[in-house]
2 protein chains.
Amino acid sequence: MSPTHTEVTTGAADLDPCGRADHPDCGIRDVLDRVGDKWSVLVVVELASGPRRFRQLQRAIDGISQRMLTLTVRRLERDGLVLRTVYPTVPAQVDYRLTETGTSLTHLVKALADWSLAHRDIIAQARRAYDNGHPDHEIR
Amino acid sequence: MSPTHTEVTTGAADLDPCGRADHPDCGIRDVLDRVGDKWSVLVVVELASGPRRFRQLQRAIDGISQRMLTLTVRRLERDGLVLRTVYPTVPAQVDYRLTETGTSLTHLVKALADWSLAHRDIIAQARRAYDNGHPDHEIR
DNA sequence: CCGAATCCGCAAGGATACTG
DNA sequence: CAGTATCCTTGCGGATTCGG
């Protein structure tokens with residue numbers, strides 16, 4: 001019981017990821033709604049190495065279906081992250097490449113990958129510890 | 001602007017978000033599977049401002065249900081990103097705070113938020129252009 | 001106040017078949 | 001090759017109720 005806990009504000013906005021000290025849902029939801037899905041980031045990663053054609057992408061991204069690749073790449077195109085170019089050859093030939101905006105995203109993705117690799121062991125260890133301490137508890 | 005498109009493949013691996021030049025699915029899937037869900041990042045954001053109790057989190061994060069807050073916070077705890085402390089008062093009182101690992105994530109989240117804000121207008125514009133050029137096409 | 005447990009709708013995503 | 005169309009399963013997540 002600590003009724004005098006005061007407000008937690010304490011002017012401690014130094015670590016606030018948002019620009020504001022209060023809690024607007026920032027633009028974070030936007031990014032996540034855009035590339036937080038199952039495949040978008042992987043497409044961006046693949047395209048970061050250079051332009052790719054449809055089948056190339058599908059082969060490179062393990063487990064993706066044509067349907068999901070189509071949807072994913074269409075959404076990225078719509079948001080202006082990917083440029084889609086159709087060559088009127090026969091059979092049809094299409095290539096995808098990152099736009100300037102899309103390329104700017106790759107730096108973030110790299111940072112994410114770096115973070116993941118840097119903490120994967122610690123996280124795995126934390127999981128084992130948790131699961132060990134909560135034998136019967138099912139969380140996932 | 002892209003007057004001289006040049007080859008993005010200047011030696012190939014310079015922009016590769018992964019550590020490797022080839023295409024392993026890096027650790028990106030790991031991060032996204034962990035915090036790519038609907039609420040995790042928002043919880044991290046809120047906790048970045050300091051420790052919070054359950055109800056505080058729920059009130060701060062607009063629209064989240066107790067169920068989702070519980071699940072989210074439990075997963076974060078399991079992964080060692082959040083520390084959960086129970087005070088044996090009555091009624092029960094619990095607070096959540098970021099661990100070192102969790103705090104290290106906030107920097108990434110901030111970068112994400114920054115990117116989002118910096119590109120939101122361009123992306124919105126790209127969308128309008130796309131939707132304008134594809135009137136009847138339904139992508140979302 | 002802090003949850004766990006249950007029910008349930010809905011949308012994401014996989015599999016398959018077909019077209020240009 | 002590069003998609004489109006259709007069906008169908010899975011599980012996320014919301015609403016509600018009950019317990020400590």
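Quick caveat: nothing in here was measured; it's all calculated off a predicted structure. In what follows, chains are A, B, ... by sequence order, proteins preceding strands, each numbered from 1.
Grouping the Ile, Leu, Val, Met, Phe, Trp and Tyr side chains by contacts below 4.5 angstrom, directly or via other members, places B/L83 apart from B/V94.
Dashed line: the shortest gap from a side-chain N or O of A/R84 to OP1 or OP2 of D/dG3 is under 4.0 Å. Close to D/dG3, at under 4.0 Å from its OP1 or OP2, lies a side-chain N or O of A/R74. The phosphate of D/dC1 has neither OP1 nor OP2 within less than 4.0 Å of any side-chain N or O from A/Y96.
Atom CG of A/D95 and atom P of D/dC1 are 15 Å apart (whole Å). The nearest whole Å value for the distance from the NE2 atom in A/H134 to the P atom in C/dG3 is 11 Å. A straight line from CG of A/L69 to P of D/dT4 spans 11 Å, rounded to a whole angstrom. Taking atom CD on B/E77 and atom P on C/dC2, their separation rounds to 15 Å, with Å as the unit. Between B/Q58 atom CD and D/dG14 atom P there is a gap of 11 Å when expressed in whole angstrom units.
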Full working for side-chain contact (heavy atoms from CB on, under 4.5 Å) between A/Y130 and B/R74: CA-CA 10 Å; A/Y130 184 94; B/R74 277 291 188 287; 3.6 Å; yes

Tell me, with the steps shown, if B/L112 and A/L32 meet side-chain contact (heavy atoms from CB on, under 4.5 Å). CA-CA 9 Å; B/L112 239 63; A/L32 264 61; 3.8 Å; yes

Evaluate A/Q125 against A/R128 for side-chain hydrogen bond (donor to acceptor under 3.5 Å, both in side chains), listing each step before the verdict. CA-CA 5 Å; A/Q125 181 181 341; A/R128 284 193 300 272; 5.3 Å; no

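Taking the side chain of A/F54 as heavy atoms from C-beta on, and the options D/dC1, C/dC1, D/dG3, the nearest nucleotide is D/dG3.
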Only distances under 3.5 Å count here; give the side-chain donor-acceptor pairs of residues 62-71 of chain A to other protein atoms, sequence neighbours excluded, each with its distance to 0.1 Å.
residue: A/S65; atom: OG; partner: A/M68; partner atom: N; Å: 3.2
residue: A/T70; atom: OG1; partner: A/Q66; partner atom: O; Å: 2.8

Where do N or O atoms of nucleotides 8-15 of chain C meet protein N or O atoms at under 3.5 Å, pair by pair?
residue: C/dG13; atom: OP1; partner: A/K38; partner atom: N; Å: 3.4
residue: C/dG13; atom: N7; partner: A/R67; partner atom: NH2; Å: 2.7
residue: C/dG14; atom: OP1; partner: A/K38; partner atom: NZ; Å: 2.8
residue: C/dG14; atom: OP2; partner: A/W39; partner atom: NE1; Å: 3.3
residue: C/dG14; atom: O6; partner: A/R67; partner atom: NE; Å: 3.3

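Residues A/K110 and A/T106 form no side-chain contact, since every pair of their non-hydrogen atoms from C-beta on lies 4.5 Å or further apart.
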